[in-house]
Visitor: 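Structure below; questions to follow.
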Amino acid sequence: MNNLKVPEGKIEKNNGRNELVEKIVSLSKRRGFVFQSSEIYGGLNGCWDYGPMGVELLKNIKEEWWKFMTFRDDIEGLDASILMHPKVWEASGHVENFTDPMIDCRSCKSRYRLDTLSELINEKKMKKAVDAVKEKILGNAKLSHRYEEIAAETVNDPDPLKETFDIMLDDKELSELLLSELNCPQCGNKNTFTSARQFNLMFKTFIGSVEDSSAVVYLRPETAQGIFVNFLNVQSSSRQKVPFGIAQIGKAFRNEINTKNFLFRTREFEQMEMQFFVKPGDDKKWYDFWKEQRLDWYASLGMERKKLRYHDHPKEKLAHYAKEATDIEYEFPFGWGEIEGIHNRTDFDLRRHEEFSGKSMKYFDEEAKDKYLPYIIETSAGASRSFMAYLIDAYYEEEVKGEMRSVLRFHPKLAPNKVAIFPLVNKDGMPDISRNIEKELRRNFKVFYDDKGAVGRRYRRQDEAGTPFCVTVDTQTLTDNTVTVRERDTMLQERISIDKLSMYFFDKLR
Ligand code: GAP
């Protein structure tokens, strides 16, 4: 960010797991980043509100993404509506396939996703339940054989017990037996689970005045489909030639069964998606290109590179529409988690929309006089999930002169406020000079004025909000028109002439 040196002192990343998430949740509320939705009514599960600091950080993340993705000559922007024709979701496969297997506890009514149940059960209990099922099926040749097959399949897995448990839950008959041996993680009662049912994650509503099945529409579960159905509109109006992309930022909604880990899995969230249309045969080249570009983007905005990695999907686990896929993962305090998915979606989406709408979705290559369905390389990032990753990544606690300070070391481009301005005391003309500086800097930067309390405490408040620079008007200002500029991470101070402040910050905040 700048060439000032970090002072001596203990600078540590807090390594506690959920303790760190709890600290971030509490800081988020205290400093106005994120509030629970409808808090005064007890909150609404899986929904969050972005406060004055949060809305700036989120906006800055989206703005940086938009610049990176669309400030090029081969990507156009789009803002499609959230409600779309219901056939879109039949063509996309969401009506049929966008489901999670779910079980309920008959006793306490808690609901769980079957495919993530193992995360809530400790190893001892898992082993006890698997052993009990093994006993029960001793006289049943078919189920015993099935169990042996699973055990052989998982023997070389890093966690064979968990893998065996997960595969057993996936098998209709073994699943029933296994569930009957388990205790509900919430109320602790045994044998209270219902059988698994498929649960569609799309929110349904009605369009118009009649609430019947002909009026059903869905809140979009992804922004991608708005891009696919507009492919030819954008291509012909912008006169783009394949390869080119369409980018969009917008809200998506999923009725997630388990919302968890703060902003990681929510029911309402924002996506930043780009679909890149390429000639079949060129898909691998572009897939590799975007895979690299997208991870670099997170690192370029200050995210620690060693906390980023790819998780390539093995062939047998690819989504039905994908030829190749990877997740960009960030190491959250609760483990590695996906922040962005990159897919080679082949021509699946355009082919399906052609089939369901009866309209051609083919691209005409004028030079080659060739008509074809392009392949699509998708980069699909969560704005809210990236927000959480950036927030966690920026959070440091460090000891300064025997006192602890918490600081958000945001990249200057992401920081909600860029500069805070303080009069040292509220007299001797210092407030007037400070207000003039505020007015001048506000023309170009988001700034904050604070005249409350000791300067040291004002610095701490800004550190916790991630403001990269603080300007203090002090006694020396009255004689030489210079101010103290203090940098957040190094805490080093230098004197800058008031008339050079704008240029100074233009340079530092680039
Ligand atoms: N169009 C492809 C698609 O939607 P996805 O993997 O389901 O793919 C892409 O979602 C990204 O959207 C994820 O990497 C994540 O960042 C974000 N995302 C998905 N579900 C989310 C949820 N429930 N809460 C917050 N972010 C979510």
Side-chain angles (χ1 to χ4, degrees), residues 34 37 44-48 50 58 61-62 65 78 80 82 84 88-89 91-94 97-100 113 115-116 199-203 218-229 231 245-276 290-291 294-295 297-298 303 308-313 317-322 324-330 332 334 336-346 348-350 352-353 376-392:
V34 181
S37 160
L44 184 66
N45 206 349
C47 300
W48 297 88
Y50 292 83
L58 187 63
I61 292 171
K62 290 188 285 185
W65 183 88
L78 179 74
I82 288 175
M84 301 179 75
V88 166
W89 306 109
S92 67
H94 282 82
N97 299 322
F98 197 52
T99 56
D100 276 340
R113 260 175 68 177
D115 56 351
T116 55
F199 175 77
N200 196 297
L201 301 187
M202 280 196 294
F203 280 101
Y218 301 97
L219 300 189
R220 67 180 176 203
E222 60 172 12
T223 58
Q225 299 300 325
I227 297 182
F228 302 143
V229 299
F231 159 60
I246 305 177
Q248 174 170 222
I249 298 178
K251 289 259 181 173
F253 304 83
R254 297 182 188 179
N255 199 1
E256 301 281 5
I257 297 166
N258 281 329
T259 55
K260 61 172 185 180
N261 289 329
F262 193 32
L263 304 172
F264 187 80
R265 183 167 293 121
T266 55
R267 294 193 164 121
E268 177 176 340
F269 55 98
E270 261 182 303
Q271 288 188 313
M272 310 184 287
E273 295 199 299
M274 192 280 298
Q275 313 291 333
F276 204 73
W290 283 113
K291 184 174 163 178
R294 291 303 309 145
L295 191 137
W297 180 76
Y298 292 98
M303 212 177 266
L308 287 163
R309 72 173 187 194
Y310 295 112
H311 170 239
D312 294 335
H313 295 202
K317 292 212 170 144
L318 285 175
H320 57 284
Y321 51 76
E324 202 169 359
T326 195
D327 295 335
I328 296 176
E329 293 187 334
Y330 176 76
F332 288 97
F334 44 82
W336 288 93
E338 172 191 341
I339 49 175
E340 172 159 351
I342 318 248
H343 281 84
N344 178 345
R345 300 184 67 116
T346 67
F348 174 85
D349 306 280
L350 295 180
R352 291 279 289 190
H353 285 303
I376 295 174
I377 308 302
E378 169 184 75
T379 69
S380 175
S384 355
R385 221 178 257 185
S386 306
F387 176 104
M388 182 174 167
Y390 278 118
L391 196 58
I392 287 175

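Every heavy atom of this structure was used, including side-chain atoms; hydrogens, water molecules and symmetry mates were not. As the structure lists them, so they are numbered: ligands from 1, and atoms in each ligand from 1.
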Visitor: Would you say the ring centroid of W89 lies under 6.0 angstrom from that of F98?
Guide: no
Visitor: How close does the nearest protein non-hydrogen atom get to atom 12 (O) of ligand 1, and which residue and atom is it?
Guide: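 Scanning the protein heavy atoms, the shortest distance from atom 12 (O) of ligand 1 goes to Q271 NE2, 3.3 Å.
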Visitor: For atom 19 (C) of ligand 1, grab the closest protein heavy atom and report residue, atom and distance to one decimal in Å.
Guide: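 Result for atom 19 (C) of ligand 1: R254 NH1, 3.5 Å.
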Visitor: Which residue supplies the protein heavy atom nearest to atom 18 (N) of ligand 1, what is that atom called, and how far is it?
Guide: F269 CE1, 3.5 Å
Visitor: Judged by modelled atom types alone, do H353 and Q225 share a side-chain donor-acceptor pair under 3.5 Å?
Guide: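 Checked: H353/Q225 side chains pair up, N/O donor to acceptor below 3.5 Å.
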Visitor: So does T223 get a backbone contact from the side chain of E273, meaning a donor-acceptor N/O pair under 3.5 Å?
Guide: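 Yes; judged by distance alone, with no hydrogens or angles, the pair exists.
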Visitor: Where does R267 meet ligand 1, judged by heavy-atom distances below 4.0 Å: at the side chain, the backbone, both, or neither?
Guide: neither
Visitor: Could you tell me, atom by atom, which parts of ligand 1 come under 4.0 Å of a heavy atom of E378?
Guide: 1 (N), 2 (C)
Visitor: Where is the nearest protein heavy atom to atom 24 (N) of ligand 1: which residue, which atom, and how far?
Guide: T266 N, 3.0 Å
Visitor: Measuring centre to centre across the rings, with the benzene-like ring taken for any Trp, is H94 within less than 6.0 Å of Y218?
Guide: no
Visitor: So which heavy atom in the protein is nearest atom 25 (C) of ligand 1, and how far is it from that ligand atom?
Guide: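 Protein heavy atom at minimum distance: F264 O, 3.3 Å.
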Visitor: With a cut-off of under 6.0 Å to the ring centre and 45° to the axis, is R385 in cation-pi contact with F264?
Guide: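 So R385 does make the cation-pi contact.
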Visitor: Which residue and atom name correspond to the protein heavy atom nearest atom 8 (O) of ligand 1, and how close is it?
Guide: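 Going by distance alone, atom 8 (O) of ligand 1 is nearest to S380 OG, 3.8 Å.
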Visitor: Counting each atom of ligand 1 from 1 as listed, which ones have a heavy atom of E273 under 4.0 Å away?
Guide: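 Here the atoms of ligand 1 in question are 1 (N), 2 (C), 3 (C), 4 (O).
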Visitor: Would R294 and W297 count as a cation-pi pair here, with the cationic atom under 6.0 angstrom from the ring centre and within 45° of the axis?
Guide: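 Here R294 passes the 6.0 Å and 45° test against W297.
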Visitor: Just which atoms of ligand 1 are under 4.0 Å from any heavy atom in A224?
Guide: 1 (N)
Visitor: What protein heavy atom is closest to atom 14 (O) of ligand 1, reported as residue, atom name and distance in Å?
Guide: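 Protein heavy atom with the smallest distance to atom 14 (O) of ligand 1: E338 OE2, 2.6 Å.
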Visitor: Applying a 4.0 Å heavy-atom criterion (strictly less than), which segment of I339 is in contact with ligand 1: side chain, backbone, both, or neither?
Guide: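 The part of I339 near ligand 1 is the backbone, not the side chain.
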Visitor: Can we say E329 and R309 salt-bridge, meaning some charged N sits less than 4.0 Å from an Asp/Glu carboxylate O?
Guide: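 Salt bridge between E329 and R309, a charged N being under 4.0 Å from a carboxylate O: yes.
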Visitor: Report, in ascending order of atom number, the atoms of ligand 1 lying under 4.0 Å from any heavy atom of E256.
Guide: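 Listed by number with element: 22 (C), 23 (N).
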Visitor: Using a strict 4.0 Å cut-off to heavy atoms of E340, name the atoms of ligand 1 that fall inside it.
Guide: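 By the 4.0 Å cutoff, the relevant atoms are 14 (O).
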Visitor: In the protein, what heavy atom is nearest to atom 17 (C) of ligand 1, and what distance, to one decimal place, separates them?
Guide: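 Of every protein heavy atom, G382 CA, 3.7 Å lies nearest to atom 17 (C) of ligand 1.
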Visitor: Tell me whether K291 forms a cation-pi arrangement with Y310, defined as NZ or CZ under 6.0 Å from the six-membered ring centre and within 45 degrees of its axis.
Guide: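 Because its charged atom sits under 6.0 Å from the ring centre and within 45° of the axis, K291 does stack over Y310.
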Visitor: Can a donor-acceptor pair be found between the side chains of T326 and D312 at a distance below 3.5 Å?
Guide: yes
Visitor: Please tell me whether E338 and Y330 have a donor and an acceptor in their side chains that are separated by less than 3.5 angstrom.
Guide: no
